[in-house]
Amino acid sequence: MIRDRGRIKWAGFYMPEQKKMLAKMYESHNDVKQPVLDEQRFEEFDEKLAEAQENGRELRISYYESKRIRSAAGHIDKIDPMTRMIFLVTEERGLMRIHFSTITGIEFT
């Protein structure tokens with residue numbers, strides 16, 4: 001009776017360069033383009049930020065970073081209108097700086 005290696009015989013192999021290229025390809029498959037928002041949406045963000053800062057309400061901010069949409073929940077520490085930065089205090093990351101142009105959504109928690 002002939003004994004061969006079965007599936008092992010046909011298992012392919014990858015060179016290190018191929019593995020890196022495939023990992024990069026799979027990583028880029030999940031890339032997201034930054035959404036373009038209109039002025040009405042930015043005014044809505046302004047209102048929600050002002051209310052959260054006045055009343056100390058906790059909110060969740062979705063923002064665009066490194067080709068992904070990320071989110072953070074916390075309280076607003078301050079808003080700097082000159083640099084258009086929002087300083088958000090979160091439990092996981094502490095004090096975060098989020099630029100206003102990267103915000104994709106704001107909701108109260």
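Sequential numbering from 1 along the given sequence is applied to the chain's residues.
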[X], [atom1]: over 12 other non-hydrogen atoms inside 6.0 angstrom:
{"X": "R70", "atom1": "CZ", "result": "yes"}
{"X": "M25", "atom1": "CE", "result": "yes"}
{"X": "E92", "atom1": "CD", "result": "yes"}

Requested in this report: Can you sort out the partners of D77 under side chain to side chain donor-acceptor pair (under 3.5 Å), two or more places apart, ordered by chain and number?
Outcome: none

From [X] [atom1] over to [Y] [atom2], what is the distance, rounded to the nearest 0.5 angstrom?
{"X": "L59", "Y": "I86", "atom1": "CG", "atom2": "CD1", "result": "8.5 Å"}
{"X": "F87", "Y": "I79", "atom1": "CZ", "atom2": "CD1", "result": "10.5 Å"}
{"X": "H75", "Y": "R57", "atom1": "NE2", "atom2": "CZ", "result": "11.0 Å"}
{"X": "Y63", "Y": "I103", "atom1": "OH", "atom2": "CD1", "result": "10.5 Å"}
{"X": "I106", "Y": "E51", "atom1": "CD1", "atom2": "CD", "result": "11.5 Å"}
{"X": "I61", "Y": "L88", "atom1": "CD1", "atom2": "CG", "result": "5.0 Å"}

Requested in this report: Inspect the contact between K24 and E17 and indicate whether a charged nitrogen and a carboxylate oxygen are less than 4.0 angstrom apart.
Outcome: no

Query raised in the report: Same cluster or not: are I98 and Y64 linked, directly or through other Ile, Leu, Val, Met, Phe, Trp or Tyr residues, by side-chain heavy atoms under 4.5 angstrom apart?
Result: no

Could you tell me which non-hydrogen atom of [X] sits nearest to which non-hydrogen atom of [Y], and how far apart they are?
{"X": "S101", "Y": "Q34", "value": "O-NE2, 3.0 Å"}
{"X": "S71", "Y": "R93", "value": "O-NH2, 3.5 Å"}
{"X": "T90", "Y": "A72", "value": "CG2-CB, 4.1 Å"}
{"X": "I69", "Y": "P35", "value": "CD1-CD, 4.2 Å"}
{"X": "A73", "Y": "E58", "value": "CB-OE2, 4.1 Å"}

Query raised in the report: Is the backbone N or O of T104 less than 3.5 Å from a side-chain atom of S62, with the two atoms forming a donor-acceptor pair by type?
Result: no

Query - Selection residues 36-55 - residue pairs positive for ring-ring contact (aromatic ring centres under 6.0 Å, His included), sequence neighbours left out - result: F42-F100

Query raised in the report: Which residues satisfy the side-chain contact (heavy atoms from CB on, under 4.5 Å) test with S28, sequence neighbours excluded?
Result: D31

Report task. Step by step, work out the salt bridge (charged side-chain N to carboxylate O under 4.0 Å, His left out) result for E65 and R97. Result -> CA-CA 12 Å; E65 180 184 60; R97 295 180 347 182; over 6 Å; no

